[in-house]
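Notes to accompany the following structure.
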Amino acid sequence: MDYRTYKLTGKEKLKCMGCGVLLSAVIAFLFYGSFWGMLLFPVLYVIMKKRQKQTGLEQMQNKLAKEFLDALRTISAALQAGVSMENAWREAEKEAEALHGKESYMYQELSEMNRSLELNIPIEQLLADFAVRCGNSDISGFSEVFSFAKRSGGNFVTIIEGTSDHMRARYDTEREIEVLVASRKMEQKVMNVIPMFILAYLKISSMEFLDILYGNVPGILFMTLCLLAYGAAILLAEKILMIKM
C-alpha cells in the first residue's frame with residue numbers, strides 16, 4: 001500500500017458531491033440570482049475532492065505514525081527481554097492486532113513483513129520498501145539508521161528508543177499546537193460564513209439595493225470578483241493557521 005496517496009471511498013465522493021451541489025446552489029442564489037450559477041458545480045466538486053483527499057491523507061499519515069510508534073515500543077521491549085529481532089517483529093504483529101485490529105495499517109504491514117522474513121528476505125530490505133511507501137520522514141530515517149546498524153552491528157535498542165522518543169516528541173508537540181489553535185480555527189470557520197449571511201440578509205430584506213448587481217454583465221463580473229476574493233481570503237486564513245512540524 002502506498003501511503004503517499006489517498007483514494008476517496010464511494011461515501012466520501014458522495015459527500016463531496018452533496019457539498020458541491022449545496023455550495024453551488026448557495027452561490028447561484030446569493031452571487032448571481034440565477035440557476036446558471038449551478039454551472040460552477042464541476043469546479044466546486046473538484047475542489048471538494050481535493051480538500052477531502054488532503055484531509056484523508058493527513059489522517060492516514062497520523063494514524064500510521066501512531067501505530068508505527070506503538071510497534072517500535074513493542075519491538076524495543078521484546079529486544080530488551082532477550083528476544084531475537086525476527087521474533088520481536090512477530091510480537092509487534094500480535095500487539096498491533098490487539099491494539100488496533102486486523103484492519104490497521106501496521107498490522108497489515110507487520111503481517112506482510114513477517115511472511116517475507118520466513119522467505120529469508122532481510123528485514124532491512126523490507127523496512128526500506130516500507131519507508132519509501134510510507135511518506136514519513138521519521139520512518140525513513142529509522143530505516144536508514146537500522147540498515148546501517150544491521151551491517152555494522154549497532155545497538156538496535158538504542159536506535160529504536162531514539163526514534164520512538166523523537167516521534168513521540170513530534171506527536172506531542174503537534175497535539176499541543178492543535179489545542180492552541182483550535183479556538184482560532186473555530187473563529188475562522190465562523191468568519192468564513194458571516195459574509196454569506198450578510199449577503200443573504202440583504203438579498204431577502206432589501207433586495208432593491210442589490211438589484212443592480214444581478215441580471216447584467218457588469219454586475220455578474222463584479223460579483224464574480226467578490227466571489228474570487230472571498231475564496232482567496234478563506235484559503236489565506238487556512239494557510240495562516242496551518243502549522244506543520
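Residue indices begin at 1 and follow the sequence shown. Predicted model only: the values in this text are computed from it and were never measured.
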### Message
Taking E178 first and then R175, would you say they form a salt bridge - that is, a charged N and a carboxylate O separated by under 4.0 Å?
### Response
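Judged by the 4.0 Å cut-off on N to carboxylate O distance, E178 and R175 do form a salt bridge.
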### Task
Considering only NZ, NE, NH1 and NH2 on the basic side and carboxylate oxygens on the acidic side, decide whether D172 and R168 come within less than 4.0 Å.
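Looking at R168 together with D172, the answer is no, because their closest N to O distance does not fall below 4.0 Å.
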#### Entry: Result of checking T74, D70, L110 against E95 for side chain to side chain contact (heavy atoms under 4.5 Å, CB included)
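It is T74; the other options fail the test.
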Is there a donor-acceptor pair under 3.5 Å between the side chain of [X] and the backbone N or O of [Y]?
X: S147; Y: S143; result: no
X: E12; Y: T9; result: yes
X: S76; Y: L72; result: no

### Task
Tell me, with the steps shown, if R4 and V132 meet side chain to side chain contact (heavy atoms under 4.5 Å, CB included).
CA-CA 9 Å; R4 295 168 296 181; V132 170; 4.1 Å; yes
Would you name the heavy atoms of [X] and [Y] that are closest together and state the gap between them?
X: A88; Y: V83; value: N-CG1, 3.7 Å
X: Q52; Y: C16; value: CB-SG, 3.6 Å
X: R115; Y: S111; value: NH1-OG, 2.8 Å
X: L44; Y: G20; value: CD1-O, 4.1 Å
X: R133; Y: D2; value: O-OD1, 3.3 Å

### Message
Please evaluate residues Y6 and T55 with respect to the criterion side chain to side chain contact (heavy atoms under 4.5 Å, CB included), reporting the C-alpha separation (whole Å), side-chain torsions for both, the decisive distance (0.1 Å), and the verdict.
### Response
CA-CA 9 Å; Y6 181 80; T55 300; over 6 Å; no
Can you confirm whether [X] sits close enough to [Y] that some side-chain heavy atom of one is under 4.5 Å from a side-chain heavy atom of the other?
X: I123; Y: L117; result: yes
X: M17; Y: F41; result: yes
X: L64; Y: F130; result: yes
X: E176; Y: V179; result: no
X: E103; Y: E97; result: no
X: E124; Y: L127; result: no

### Task
Let me see the working for L126 and E112 under side chain to side chain contact (heavy atoms under 4.5 Å, CB included), right down to the final yes or no.
CA-CA 9 Å; L126 299 173; E112 183 64 29; over 6 Å; no
### Message
Given K63, which partner from the list Q59, E67, Q61 fulfils the side chain to side chain donor-acceptor pair (under 3.5 Å) test?
### Response
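When Q59, E67, Q61 are each tested with K63, the side chain to side chain donor-acceptor pair (under 3.5 Å) holds only for E67.
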### Message
Checking side chain to side chain donor-acceptor pair (under 3.5 Å) between N114 and each of K94, E93, E86, which is the one that passes?
### Response
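Between N114 and the candidates, side chain to side chain donor-acceptor pair (under 3.5 Å) is satisfied uniquely by E93.
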### Query
Side chains of N87 and S84: is there a donor and an acceptor less than 3.5 Å apart?
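Their side chains do contain a donor-acceptor pair, which is all the 3.5 Å distance test asks for.
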### Query
Do you see a donor-acceptor pair shorter than 3.5 Å between the side chains of E109 and Y3?
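Present: a donor and an acceptor within the cut-off.
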### Query
How about Y32 and Y214: are their ring centroids closer than 6.0 Å?
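Ring centroids of Y32 and Y214 are no less than 6.0 Å from each other.
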Is it true that atom [atom1] of [X] has more than 12 heavy atoms of other residues, nucleotides or ligands lying nearer than 6.0 Å?
X: M1; atom1: CE; value: yes
X: K13; atom1: NZ; value: no
X: R51; atom1: CZ; value: no
X: I212; atom1: CD1; value: no

Do [X] and [Y] belong together in a cluster built from hydrophobic side chains that touch within less than 4.5 Å?
X: L39; Y: L227; result: no
X: L22; Y: V193; result: no
X: L210; Y: I220; result: yes
X: L8; Y: Y45; result: no
X: M60; Y: L69; result: yes

Roughly how far apart are [X] [atom1] and [Y] [atom2], rounded to 0.5 Å?
X: L79; Y: E91; atom1: CG; atom2: CD; value: 10.5 Å
X: M106; Y: L99; atom1: CE; atom2: CG; value: 12.0 Å
X: M191; Y: I234; atom1: CE; atom2: CD1; value: 11.0 Å
X: L199; Y: C226; atom1: CG; atom2: SG; value: 9.0 Å
X: D129; Y: C134; atom1: CG; atom2: SG; value: 10.0 Å
X: N216; Y: F222; atom1: CG; atom2: CZ; value: 11.5 Å

Only distances under 3.5 Å count here; give the side-chain donor-acceptor pairs of residues 183-190 to other protein atoms, sequence neighbours excluded, each with its distance to 0.1 Å.
{"residue": "R184", "atom": "NH1", "partner": "E187", "partner atom": "OE2", "Å": "3.3"}

### Task
Let me see the working for F68 and F142 under side chain to side chain contact (heavy atoms under 4.5 Å, CB included), right down to the final yes or no.
CA-CA 11 Å; F68 182 77; F142 170 74; 3.7 Å; yes
